[in-house]
Amino acid sequence: MPDPYTNPDAQAASTIQAMMTRLEERGRHIGFSRMIAKYVANLPKQKPLVVLDLGCGTGVVTRQLDKVLHPDSTLHGADVSSELLKEAARLAGDSRIKWDYLSAGVLPYPDQYFDAIIMHTLLSHVPDPVCILAEARRVLRPDGQLIVFDADHASTTYAQPDYETTRCVDFLLTSAIATHPDICRRLPTLLKQAGYELTAHDAEVISECGKGDYWLSSVQGFSRLIPTLGILTPAEADAWSRHMMESHEDGTFFAAGAFYTFYAKPS
Ligand SMILES: C[S@@+](CC[C@H](N)C(=O)[O-])C[C@H]1O[C@@H](n2cnc3c(N)ncnc32)[C@H](O)[C@@H]1O
């Protein structure tokens, strides 16, 4: 079963709804939105910029950019899913954001058009990240800034009663939800291959011990998606999520995962 985020429009309506709910839910989480705010803070605010949020989904990052960019900035949110873009436009209401329906491998923008391009949890979901990075480089100004944020899915863990179950389910879930669960580990190489210089990076871990919050809502998100991912039987999925809920209730919850932000410029 392919990663549903690779082509959301090909999914059942209930799966698209589950994805939209999850994207908005995690976007509202204080720890997650703080990581977005941190890299957004690196963009200059005193002059107008032309900015692209590529793989914008329901527009969590695009709306955050809209709040802080110079009033004369031009802001594009672009995605391969017309369903997610429709929701993004609805949530943003009347705004300056231009919503573009496209596939990131062939961008309909002139060379050197953008001052900054953001890819927020896009590259872990695309079959060929180097092509997308290279196409983004074409439309990025020579002094422009690329910001790639992604989850190191390969490090995400939801503790179960025994380590074997933990390892097994972690692997199944992260492999089903991301085409490249290890994208962060490969990004220094991929950026170089696509013609960028990596100028800085940042990493954060969201870890929850005793009680769950971010990862508990991720479990709830998975519970809505698991039936369509086809990786666990209903009984296995139920046992997995029940353990996470019960460990939250009795104060023995453990889940953690790392997130990376890469800052790069054309080399
Ligand atoms: C995990 S979601 C992230 C959405 C948003 N950036 C966020 O963090 O809330 C991945 C997004 O990438 C989009 N996507 C996947 N492949 C794409 C492609 N080839 N071109 C453009 N967008 C793509 C999906 O439709 C989805 O909206």
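No experiment lies behind these values; they were computed from the predicted model shown. Indexing begins at 1, ligand by ligand and atom by atom, following the structure's order.
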Interfacing atoms of ligand 1 (cut-off 4.0 Å, heavy-atom, V126): 16 (N)
If you have a sec, work out which protein heavy atom is nearest atom 10 (C) of ligand 1 and how many Å separate them, to one decimal? T121 O, 3.4 Å
Flag side-chain contact, heavy atom, 4.5 Å: S218 against R26: no
Hey, what do you get for OG1 (T199) to CG (L191), rounding to the nearest 0.5 Å? 9.5 Å
Flag D53 as yes when one of its N or O atoms lies below 3.5 Å from any N or O atom of ligand 1, and as no otherwise. no
State, with a plain yes or no, whether a side-chain heavy atom of V60 is found less than 4.5 Å away from one of I36. yes
Got the closest protein heavy atom to atom 13 (C) of ligand 1, with its distance? D79 OD2, 3.3 Å
Using a plain distance cutoff, I'd like to know if G55 has any nitrogen or oxygen under 3.5 Å from a nitrogen or oxygen of ligand 1. yes
Pairs under 3.5 angstrom only: tabulate donor-acceptor contacts from the side chains of residues 251-267 to other protein residues two or more places apart or in another chain.
unit_1 : atom_1 : unit_2 : atom_2 : d
T252   : OG1    : D250   : OD1    : 2.6
Y263   : OH     : N42    : ND2    : 3.2
S267   : OG     : G195   : O      : 3.0

For residues T156 and D170, determine if any side-chain heavy atom of one lies less than 4.5 Å from a side-chain heavy atom of the other. no
Please state which protein non-hydrogen atom is closest to atom 15 (C) of ligand 1 and give its distance, to 0.1 Å? Y5 O, 3.2 Å
Non-hydrogen atom of P8 closer than 4.0 Å to ligand 1: yes
Is S103 close enough to touch ligand 1? Criterion: a residue heavy atom under 4.0 Å from a ligand atom. yes
Decide whether S217 and R22 meet the rule of one side-chain donor and one side-chain acceptor closer than 3.5 Å. yes
Side-chain heavy atoms of K98 within contact of H76, under 4.5 Å: yes
Using heavy atoms and a threshold below 4.0 Å, how should the contact between A78 and ligand 1 be classified: side chain, backbone, both, or neither? neither
Atom 12 (O) of ligand 1 sits nearest the protein heavy atom L122 CD1, 3.5 Å
What protein heavy atom lies closest to atom 9 (O) of ligand 1? Include the residue and the distance to one decimal. L23 CD2, 3.8 Å
If you apply the rule side-chain contact (heavy atoms from CB on, under 4.5 Å), what do you find for L107 with L54, and how did you get there? CA-CA 10 Å; L107 296 173; L54 190 55; 3.9 Å; yes
Look at the rings of H120 and F149 and say which category their plane angle falls in: under 30° parallel, 30 to 60° tilted, over 60° perpendicular. parallel
Give a yes or no on whether L225 and M244 share a hydrophobic cluster (residues Ile, Leu, Val, Met, Phe, Trp, Tyr; joining criterion: side-chain heavy atoms under 4.5 Å apart). yes
So is there a nitrogen or oxygen of A104 less than 3.5 Å from a nitrogen or oxygen in ligand 1? yes
Which protein non-hydrogen atom lies closest to atom 7 (C) of ligand 1, naming both residue and atom, and how far is it? R26 NH2, 3.6 Å
T6 heavy atoms within 4.0 Å reach ligand 1 at atoms 15 (C), 16 (N)
Write out the residue and atom name of the closest protein heavy atom to atom 21 (C) of ligand 1, then the distance separating them to 0.1 Å. V80 N, 3.4 Å
At under 4.0 Å between heavy atoms, which part of H120 makes contact with ligand 1: side chain, backbone, both or neither? both
